[in-house]
Amino acid sequence: MNNRKPILCSACLLGINCRYNGKTKTNDKVLALAKTEILIPVCPEQLAGLSTPRDGFGIKNGRSITSGGVDITDKTQLGAEETLKIIKILGIEKAILKQKSPSCGSGQIRDIFSGEIIKGDGVAAALLRKNGIEIISEEEL
Ligand code: SF4
């Protein structure tokens with residue numbers, strides 16, 4: 001038996017092609033960490049039932065709006081809730097989340113409408129934080 005606590009991790013950081021553009025954001029530090037820690041790859045947007053590739057989205061007045069103008073707030077919320085479900089099942093206390101994503105970003109998200117970085121948490125990161133999960137980004141490793 002292994003006593004190490006699993007850590008939730010944005011799947012794209014581990015090389016999974018789950019981003020809106022069908023690509024990955026593989027991060028060498030995260031990959032190296034996977035050799036010593038139990039990292040659980042999760043993509044809240046895929047858990048939301050969104051297709052890959054898909055239109056990117058941004059947060060406007062608290063709503064998730066795609067680049068095509070579609071309101072997908074219900075889906076992004078579902079993805080966040082499914083992510084939290086995995087966290088609870090596995091007793092996870094910590095997550096490494098992709099910075100600047102409208103789902104996973106912690107403290108910073110890229111606004112797809114202006115291209116600027118704005119303050120705030122992504123949809124999934126916000127729900128995890130609300131539930132006491134420690135969040136760090138790949139930039140803090
Ligand atoms: Fe990566 Fe999170 Fe975006 Fe999925 S939702 S592609 S895990 S940043």
Side-chain angles (χ1 to χ4, degrees), residues 2-141:
N2 194 317
N3 291 325
R4 283 178 298 168
K5 279 244 173 199
I7 300 169
L8 191 97
C9 183
S10 293
C12 58
L13 294 174
L14 280 163
I16 308 302
N17 290 300
C18 54
R19 294 186 74 219
Y20 72 97
N21 57 6
K23 295 184 178 168
T24 178
K25 268 287 181 183
T26 310
N27 182 284
D28 288 342
K29 285 184 180 171
V30 177
L31 277 184
L33 198 64
K35 301 211 182 307
T36 56
E37 301 289 340
I38 302 167
L39 302 187
I40 308 294
V42 170
C43 175
E45 292 179 21
Q46 288 190 330
L47 282 174
L50 295 168
S51 62
T52 305
R54 54 190 171 273
D55 282 347
F57 76 94
I59 299 174
K60 229 181 199 174
N61 300 324
R63 310 289 298 176
S64 300
I65 309 293
T66 70
S67 53
V70 179
D71 189 324
I72 56 165
T73 306
D74 289 354
K75 286 193 171 168
T76 56
Q77 192 58 36
L78 173 68
E81 284 163 12
E82 292 293 280
T83 301
L84 183 63
K85 200 187 282 179
I86 292 171
I87 280 191
K88 287 186 173 168
I89 290 168
L90 297 178
I92 289 173
E93 294 171 353
K94 184 173 174 178
I96 301 168
L97 297 183
K98 171 77 187 71
Q99 190 56 290
K100 303 186 184 81
S101 152
S103 294
C104 293
S106 53
Q108 297 176 33
I109 30 180
R110 186 179 304 282
D111 176 30
I112 57 160
F113 304 106
S114 68
E116 289 175 6
I117 304 298
I118 53 174
K119 280 189 180 175
D121 285 338
V123 180
L127 186 65
L128 268 50
R129 198 187 294 284
K130 198 172 152 195
N131 281 270
I133 304 302
E134 180 191 351
I135 299 174
I136 60 166
S137 78
E138 78 284 10
E139 295 174 355
E140 296 168 283
L141 288 174

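Atom set for the values below is all heavy atoms of this structure, side chains included, hydrogens, waters and symmetry mates excluded. First listed ligand is number 1; within each ligand, the first listed atom is number 1. Given the structure is predicted, the values throughout are model-derived calculations rather than measurements.
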Run through Arg54, Arg19, Lys75 and flag the one making a salt bridge (Lys or Arg N to Asp or Glu O under 4.0 Å) with Glu45. Arg54
Note: ligand 1 atoms sitting under 4.0 Å from heavy atoms of Val42 are 7 (S)
Test item: Glu138 side-chain N/O and Gln99 main-chain N/O as donor-acceptor pair under 3.5 Å: yes
Under 2.8 Å from atom 4 (Fe) of ligand 1, is there an N/O/S atom belonging to Cys43? yes
When you look for heavy atoms under 4.0 Å from ligand 1, do you find them on the side chain of Ser103, its backbone, both, or neither? side chain
Near Glu45, which atoms of ligand 1 are under 4.0 Å from a heavy atom of that residue? 3 (Fe), 5 (S)
Measuring to atom 1 (Fe) of ligand 1, does Cys12 have an N/O/S atom at a distance below 2.8 Å? yes
Any donor-acceptor pair under 3.5 Å linking the side chain of Asn21 with the backbone of Lys23? yes
Closest heavy-atom pair and its distance - Ala125, Gly105: CB-O, 3.2 Å
Under the 3.5 angstrom rule, does the side chain of Ser10 hit a backbone N or O of Lys98 as a donor-acceptor pair? yes
Determine whether a donor-acceptor pair (N or O, by modelled atom type, separation under 3.5 Å) exists between the side chain of Asp111 and the backbone of Ile117. no
Could you check whether any side-chain N or O of Asn131 sits under 3.5 Å from a backbone N or O of Ile133, counting only pairs where one atom can act as donor and the other as acceptor? no
Can you list the ligand 1 atoms lying under 4.0 Å from a non-hydrogen atom of Ala11? 7 (S)
Backbone or side chain, does Cys104 get an N/O/S atom under 2.8 Å to atom 2 (Fe) of ligand 1? yes
Per-atom contacts, ligand 1 versus Arg19 - under 4.0 Å to a heavy atom: 6 (S)
Is Lys98 touching ligand 1 with its side chain, its backbone, both, or neither, if touching means heavy atoms under 4.0 Å apart? side chain
With a 4.0 Å heavy-atom cut-off (strictly under), which part of Ser101 contacts ligand 1: side chain, backbone, both or neither? side chain
